[in-house]
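Just below is one structure, and these are the notes that go with it.
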Amino acid sequence: ARPHALMALKLDPESGEAWGALAAIRYFLEWDWPGAEEAFRRALGCTHHSTLATTFYCWYLMSMGRADEAVLLAKQIRERDPLDELALFALTGALFHAGNFREAEAECHKGLEHLPNFFGLYLILGSIQLSQSHFEEAIEAYRRGVSLSGGLVSYLGMLAQALGLAGRREAALEIAEQLTKQPDQRGVASALGLIHASIGELDKGVEFLERAYEEHLAELVWLRAGPV
């Protein structure tokens, strides 16, 4: 992926799309935080840049603990296209990470009026509730997200984590077992780490997170920005 992005930049140094692709590679795959920010800023400085690159930069800012900056940027994107799913997801996520739970929840419900099947909003709603120890409400939101997403690993992991924190150990472990049988194991190690931590098996949780680190899983960039 990196050679293609660099080749695109060689052909057009002002390509916002190419700078955005390079930024995503540095962020998710290489864990080069300063290099990722440099590329994101270059992407946004180009005349034509994609909403995808801008929203990725929002998520980058959130994971770096700069949620207030992410909120301002996400609101700019949302103003340009109020019904864009990526912009809505970035805004609600940024509000959540900034601790503006009430506004984040209101934006989620407003978005669901127009996009009732957008599963990303249920991830945010679940995380809002989980952050406040409203376990049953979190579980309900995550279940809806799992259903609409077709059972994405990250959503199953969050659902199991909420179940574990709610004291429903067996239900959490049932999902953990389901994850181990997934044909595509990308993201499973980090999910299992959080699940085992949620039921008090901290050593086992760390073991899986170390495995996720060894596998260089992109999900780990969110570890410190999770709801609990």
Side-chain angles (χ1 to χ4, degrees), residues 55 58-59 61-63 65 67 70-71 74 78 84-179 182 186-200 205 208-209 212 217-228:
T55 54
C58 285
W59 290 103
L61 291 170
M62 289 178 238
S63 65
V71 169
R78 186 84 193 283
D84 183 86
E85 289 188 1
L86 291 173
L88 180 57
F89 194 36
L91 176 59
T92 53
L95 289 167
F96 162 68
H97 287 292
N100 299 333
F101 294 158
R102 184 174 297 179
E103 188 178 355
E105 188 171 3
E107 288 290 345
C108 283
H109 288 300
K110 191 188 303 181
L112 287 170
E113 291 176 6
H114 302 285
L115 301 163
N117 295 321
F118 182 27
F119 50 83
L121 295 180
Y122 287 101
L123 180 69
I124 303 299
L125 285 171
S127 298
I128 292 168
Q129 299 300 333
L130 191 59
S131 293
Q132 301 173 90
S133 298
H134 299 160
F135 298 123
E136 294 308 314
E137 292 87 346
I139 290 166
E140 181 181 354
Y142 286 141
R143 283 195 193 282
R144 184 68 173 148
V146 167
S147 175
L148 289 171
S149 71
L152 286 176
V153 166
S154 56
Y155 287 68
L156 284 166
M158 292 305 300
L159 171 58
Q161 186 182 5
L163 288 164
L165 291 169
R168 294 161 66 175
R169 176 188 176 88
E170 293 307 316
L173 288 175
E174 185 177 327
I175 294 176
E177 179 67 17
Q178 179 183 342
L179 286 172
Q182 292 268 20
R186 284 177 297 180
V188 168
S190 56
L192 291 175
L194 295 177
I195 293 169
H196 284 286
S198 76
I199 59 175
F208 277 109
L209 290 175
L217 293 181
E219 289 81 5
L220 289 186
V221 301
W222 292 106
L223 195 58
R224 74 170 184 173
V228 291

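Basis for what follows: all heavy atoms, side chains included, without hydrogens, waters or symmetry-related copies. The structure presented is a predicted model; accordingly, all values stated were derived computationally and were not measured. In this chain, numbering begins with 1 at the start of the sequence shown.
- Side-chain contact between Glu107 and Arg78 is present, with heavy atoms from C-beta onward closer than 4.5 Å.
- No donor-acceptor pair under 3.5 Å is formed between the side chain of Gln129 and the backbone N or O of Leu125.
- Between Leu86 atom CG and Leu91 atom CG the span is 12.5 Å, to the nearest 0.5 Å.
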Subject >> Worked check of side-chain contact (heavy atoms from CB on, under 4.5 Å) between Cys108 and Phe96 >> reply: CA-CA 10 Å; Cys108 283; Phe96 162 68; over 6 Å; no

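- Every residue was checked against the side chain to side chain donor-acceptor pair (under 3.5 Å) condition with His114, not counting sequence neighbours, and none meets it.
- Of all heavy-atom pairs spanning Phe135 and Ala166, the tightest one is CB-CB, 3.6 Å.
- Between Tyr122 and Tyr142, the distance from one ring center to the other does not fall under 6.0 angstrom.
- Annotation for Gln182: atom CD counts as buried by contact number, over 12 foreign heavy atoms lying within 6.0 Å.
- Separation of atoms CG (Leu61) and NE2 (His97) is listed at 11.5 Å; rounding is to 0.5 Å.
- For the pair Leu148 and Tyr155, the minimum side-chain heavy-atom distance is 4.5 Å or more.
- Looking only at side-chain heavy atoms (C-beta outward), Val188 and Phe208 stay at 4.5 Å or farther from each other.
- The CD atom of Glu105 sits 11.5 Å away from the OG1 atom of Thr92 when rounded to the nearest 0.5 Å.
- Rounded to the nearest 0.5 angstrom, Leu156 CG and Leu179 CG are separated by 5.5 Å.
- Of all the heavy atoms in Gly111 and Leu88, the pair that sits closest is CA-CD2, 3.6 Å.
- Residues Leu152 and Val146 are not in side-chain contact: their nearest non-hydrogen atoms beyond the backbone lie 4.5 Å or more apart.
- Of the inter-residue distances, the one linking Ser154 atom OG with Gln161 atom CD reads 12.0 Å to the nearest 0.5 angstrom.
- Side chains of Met158 and Leu130 form a contact here, defined as non-hydrogen atoms less than 4.5 Å apart.
- Listed here is the closest heavy atom pair of Ser190 and Ala212: N-CB, 3.8 Å.
- Contact of the Leu163 side chain with the Ile195 side chain is not registered, since no non-hydrogen atoms from C-beta on lie closer than 4.5 Å.
- No more than 12 heavy atoms of other residues, nucleotides or ligands lie within 6.0 Å of CD in Glu140, so this atom counts as exposed by the packing criterion.
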**OP:** Applying side-chain contact (heavy atoms from CB on, under 4.5 Å), run through Met62 and Cys58 and close with a yes or a no.
**Re:** CA-CA 6 Å; Met62 289 178 238; Cys58 285; 4.1 Å; yes

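- Between the side chain of Asp84 and the backbone N or O of Ala87, at least one donor-acceptor pair lies under 3.5 Å.
- Of all non-hydrogen atoms in Ala172 and Ala160, the two that sit nearest each other are CB-O, 3.4 Å.
- For the residue pair Ala162 and Ile139, the shortest heavy atom distance occurs at CB-CG1, 3.8 Å.
- Annotation: salt bridge (Lys or Arg N to Asp or Glu O under 4.0 Å) contacts involving residues 142-169, sequence neighbours excluded, comprise Glu136-Arg168, Arg169-Glu201.
- For the side-chain contact (heavy atoms from CB on, under 4.5 Å) with Glu85, the lone residue among Leu121, Thr55, Leu115 that qualifies is Leu115.
- We find the CG-CD1 distance between Leu123 and Ile128 to be 10.0 Å, quoted to the nearest 0.5 Å.
- Pairing each heavy atom of Ala138 with each of Gly126, the nearest pair is CB-O, 3.4 Å.
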